[in-house]
Amino acid sequence: MVETLNLRDGIGMTSARTRGRMVERLREQGIKDETVLAAMGSVPRHLFVDQALQSRAYEDTALPIGFAQTISNPYIVARMVELARHGEKGQGRALGRVLEIGLGCGYQAAVLSKLAREVVSMERIAALVGKTRARLRELRVNNVKPKHGDGMHGAKDFAPFDAIVIAAAFAEVPRELLPQLADGGRLVMPLGHATQTLCVVERQGDQFVESLLEGVKFVPLLPGVA
Ligand code: SAH
């Protein structure tokens, strides 16, 4: 009886327990920052995808979110957020204002909202901004500001940012973004086209120190708005 109920409601596949298993897997995959793991454990990923995909929301896989875009797999979201927090050694720093480029369905923004005072998130597809703004409101994620615009130029009016996280790949670090980084802040993005590498740029005064990490696969960062 209980089993039948679970199957009908999808509870078995979308519960806190399922999320707990996802967190254990993230730990095994090398995520060390406990604050990031706790945030990943508390955001209901299944509520960010279409109902038909909800049962797959906690698998380590990318999922379609419409408009030919995808939500990244949980590992890469955790990894990018951990890097933004300087959390690779286990304990990252709390973030003030963060800029996300590529709001998409709002999942990564919701994770960031647990770790930052405020998240400004840019999205070039107007229809996605509207849909995601409504979703975030419904889920009472109040410290994410979705903005319609080309994130390539950043968001000067809100700068400086403690972290900039780009959820789409580009051949180079968009130059306009670097001056919008606070001292000690970090920009995290997939660099490249066909072959992409995770890239971190850390601001140290007037210096920008770039590190290249593992290979990744993201949708492209596109110019202009849609
Ligand atoms: N962080 C998202 C993943 C979105 S996929 C999530 O958790 O769902 C990448 C997103 O970047 C897409 O929605 C795409 O439309 C957007 N994007 C691509 N180029 C952009 C640009 N120049 N400015 C803003 N958003 C952009």
Side-chain angles (χ1 to χ4, degrees), residues 19 22 26 36 39-40 42-50 53-54 56-84 98-116 119-136 138-139 141 143-159 161 163-177 180 187-193 196 198 216-226:
R19 236 172 0 257
M22 178 189 80
L26 292 172
V36 171
M40 295 294 294
S42 69
V43 177
R45 193 168 191 264
H46 63 286
L47 298 182
F48 290 83
V49 295
D50 283 347
L53 295 169
Q54 288 193 352
R56 302 187 54 203
Y58 298 100
E59 292 173 14
D60 198 33
T61 174
L63 293 171
I65 56 171
F67 309 94
Q69 303 303 321
T70 53
I71 175 176
S72 303
N73 61 321
Y75 170 75
I76 197 67
V77 172
R79 176 78 170 129
M80 287 181 91
V81 169
E82 182 178 78
L83 288 166
V98 172
L99 174 65
E100 179 189 42
I101 298 170
L103 170 71
C105 70
Y107 174 70
Q108 179 169 269
V111 172
L112 282 166
S113 80
K114 307 266 181 193
L115 308 165
V119 181
V120 176
S121 183
M122 315 253 334
E123 171 56 56
R124 66 182 290 278
I125 301 174
L128 257 179
V129 178
K131 200 172 159 188
T132 299
R133 183 178 283 133
R135 173 183 288 129
L136 291 171
E138 202 173 307
L139 294 174
V141 178
N143 58 338
V144 174
K145 276 195 168 73
K147 299 268 172 214
H148 181 223
D150 181 353
M152 212 90 90
H153 307 296
K156 273 202 203 79
D157 294 350
F158 295 93
F161 297 100
I164 299 178
V165 180
I166 312 183
F170 199 61
E172 56 190 62
V173 180
R175 294 295 139 191
E176 282 182 64
L177 299 182
Q180 297 182 29
L187 176 147
V188 185
M189 71 174 288
L191 205 62
H193 279 307
Q196 304 169 11
L198 199 56
V216 286
K217 184 93 190 95
F218 276 81
V219 294
L221 189 71
L222 299 172
V225 291

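Note that these values count all heavy atoms, side chains included, but never hydrogens, waters or copies made by symmetry. Just so you know, ligand 1 is whichever comes first in the structure, and atom 1 is the first atom listed for that ligand.
Contact record, G224 with R124: O-NE, 2.9 Å, taken as the closest heavy-atom pair. Minimum interatomic distance between I71 and C105 (heavy atoms only, all atoms of both residues): CD1-SG, 3.6 Å. In this structure, P174 and I166 approach most closely via the heavy-atom pair CD-CD1, 4.2 Å.
Considering both main-chain and side-chain atoms, I125 never comes within under 3.5 Å of ligand 1 through any nitrogen or oxygen pair. Remark: ligand 1 and C105 share an N or O pair separated by less than 3.5 Å (distance only, no angle test). The shortest N/O to N/O separation between L128 and ligand 1 does not fall below 3.5 Å.
For the pair V77 and ligand 1, no heavy-atom separation below 4.0 Å is found. Within the structure, the closest approach of S121 to ligand 1 does not fall below 4.0 Å when heavy atoms are considered.
When hydrogens are left out, the protein atom nearest atom 12 (C) of ligand 1 is Q69 OE1, 3.2 Å; that is the closest non-hydrogen contact. For atom 11 (O) of ligand 1, the nearest non-hydrogen atom of the protein is G102 CA, 3.1 Å.
Atoms of ligand 1 lying under 4.0 Å from any heavy atom of G151, numbered from 1 in the order shown and given with element: 21 (C), 22 (N), 23 (N), 24 (C). The contact set between ligand 1 and V219, taken as ligand atoms under 4.0 Å from a residue heavy atom, comprises 5 (S), 9 (C). Near G149, meaning under 4.0 Å from any of its heavy atoms, are these atoms of ligand 1: 23 (N), 24 (C). Within ligand 1, counting atoms from 1 as listed, the ones closer than 4.0 Å to a heavy atom of L103 are 1 (N), 2 (C), 6 (C), 8 (O). Atoms of ligand 1 found under 4.0 Å from any heavy atom of T70 (numbered from 1 in listed order, with element): 3 (C), 4 (C), 5 (S).
Nearest to atom 15 (O) of ligand 1 by heavy-atom distance, out of M152, E123, R124, is E123. Distances from atom 7 (O) of ligand 1 to the heavy atoms of Q108, K147, E100, R45 put Q108 nearest.
When only modelled atom types and interatomic distance are considered, Y58 and R19 share a side-chain donor-acceptor pair under 3.5 Å.
When each of V129, I101, V120, D157 is tested with K147 by the rule side-chain contact (heavy atoms from CB on, under 4.5 Å), just one qualifies, namely V120. For the pairing with L128, the side-chain contact (heavy atoms from CB on, under 4.5 Å) check across E123, H148, R133 returns one residue only, E123.
Contacts between P220 and ligand 1, counted as non-hydrogen atom pairs separated by less than 4.0 Å, involve the backbone only.
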